[in-house]
Protein chains: 2
Amino acid sequence: MRQALIDEGGFRSAQDVYGALRAAGHKVGLSTVYRHLQAFSDQGEADVIHTGDGETTYRFCGDSGGHHHHLVCRRCGRAEEVESRSIERWAEETAKRFGYTDVDHTVEVFGVCAACAAAS
Amino acid sequence: MRQALIDEGGFRSAQDVYGALRAAGHKVGLSTVYRHLQAFSDQGEADVIHTGDGETTYRFCGDSGGHHHHLVCRRCGRAEEVESRSIERWAEETAKRFGYTDVDHTVEVFGVCAACAAAS
DNA sequence: GGTAATAATGAACATCGTTATCACTCTTAG
DNA sequence: CTAAGAGTGATAACGATGTTCATTATTACC
């Protein structure tokens, strides 16, 4: 199961993973997929991105615990882990300037990867 | 209706707006609220943020068309419009470095505003 | 090995936000 | 006044996710 998500490589929705597993012949329930995906996310083993259309997508992430963001291909879901100290600093500083505390932030960059661009 | 969203001040879900209108005595349907909110968003009159728990929140935004991000209070929904040329530059540059095109990005900062922090 | 306790599973159902239907009303043009 | 068109809202439909619970797999202990 863990392997399934790893194999997918990019950000995938629960239903995607479920479909892939079923297609591969595994008899697995949707509930189980959701459960595991959430567990992975809770343990920091997987990164989560909420797409604009209400889907939650997961991706196995080696750098557990490390704070980072993603550059995601909106066609195939492939993602690069990116990091920027300056972004973190900017967020902190901006929040402080307006008197906000307990700060958190989401930063995701979407685009079309070279492979997908070539394919079209 | 437009006024209702303006009055709310911060990011509010369709259901919130619906509730506020009903509470104010207006007889309005949920469908209509959704329709208008989406229309505002389409016309760029309102900004949209998808919260982590699958809700879509809207906020009336003066700076129509201008690209900006938000510093949002996760308690009361109040929001400050923030802007950072450096963030835009970083996103562009990062995408280019990995060969991604047709780039877009979401940047939202969440925290607890001074008022809400004081209230607790 | 055998057995009891425990955890994991998955089918069906519940929920929640959102969207589509469609009859009805309100407005506008003639 | 009347007919056409737009807007409205109650309700049903929908898709993603969460929960329930009986069944199955696993582990611990004898």
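Values reported hereafter were calculated over all heavy atoms of this structure, with side chains retained and with hydrogens, waters and symmetry mates removed. Each chain gets a letter, A, B and so on, in the order the sequences are listed, and its residues count up from 1.
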Peer 1: Report the nucleotide, chosen from D:dT8, C:dT9, C:dT19, that has the shortest atom-to-atom distance to any side-chain atom of A:His36.
Peer 2: C:dT9
Peer 1: Can you measure A:Lys27 atom NZ to D:dT24 atom P for me and round it to whole angstrom units?
Peer 2: 10 Å
Peer 1: My understanding is that only one of A:Leu5, A:Val33, A:Asp16, A:Asp47 makes a side-chain contact (heavy atoms from CB on, under 4.5 Å) with A:Tyr58; could you say which?
Peer 2: A:Leu5
Peer 1: Of the candidate nucleotides C:dA11, D:dT17, C:dT9, which contains the atom at the shortest distance from the side chain of A:Arg22?
Peer 2: C:dA11
Peer 1: So what does B:Ser13 hit on the nucleic acid, given a heavy-atom distance under 4.0 Å: a base, only sugar-phosphate, or nothing?
Peer 2: nothing
Peer 1: Please state how far atom CG in A:Asp53 lies from atom C1' in C:dG17, giving the value in whole angstrom units.
Peer 2: 13 Å
Peer 1: Would you call the rings of A:His70 and A:Phe11 parallel, tilted or perpendicular, where under 30° means parallel and over 60° means perpendicular?
Peer 2: perpendicular
Peer 1: Between D:dA16 atom C1' and A:Tyr58 atom OH, what is the distance in whole Å?
Peer 2: 10 Å
Peer 1: Which label fits A:His69 and A:His105: parallel for a plane angle under 30°, tilted from 30 to 60°, or perpendicular past 60°?
Peer 2: tilted
Peer 1: Taking only the side-chain heavy atoms of A:Arg35 (C-beta and beyond), determine which of C:dT9, C:dT19, D:dA16 contains the nearest atom.
Peer 2: C:dT9
Peer 1: Can you tell me if A:Arg78 uses its side chain to pair, donor with acceptor, with the backbone of A:Cys113 under 3.5 Å?
Peer 2: no
Peer 1: Does the C:dA11 base have a donor-acceptor partner in the side chain of A:Ser31 within less than 3.5 Å?
Peer 2: yes
Peer 1: Could you tell me the separation between the CG atom of B:Leu21 and the C1' atom of D:dG9, rounded to a whole number of Å?
Peer 2: 13 Å
Peer 1: In whole angstrom, give the distance that lies between atom CD of A:Glu55 and atom C1' of D:dA16.
Peer 2: 8 Å
Peer 1: Rounded to whole angstrom units, what separation is found between the OH atom of A:Tyr18 and the C1' atom of D:dT17?
Peer 2: 14 Å
Peer 1: Taking atom P of C:dG17 as reference, at what distance in whole Å does atom CG of B:Leu30 sit?
Peer 2: 10 Å
Peer 1: Consider the side chain of B:Gln15, meaning its heavy atoms from C-beta on, and name the nucleotide among C:dT18, C:dA11, D:dT17 that approaches it most closely.
Peer 2: C:dT18
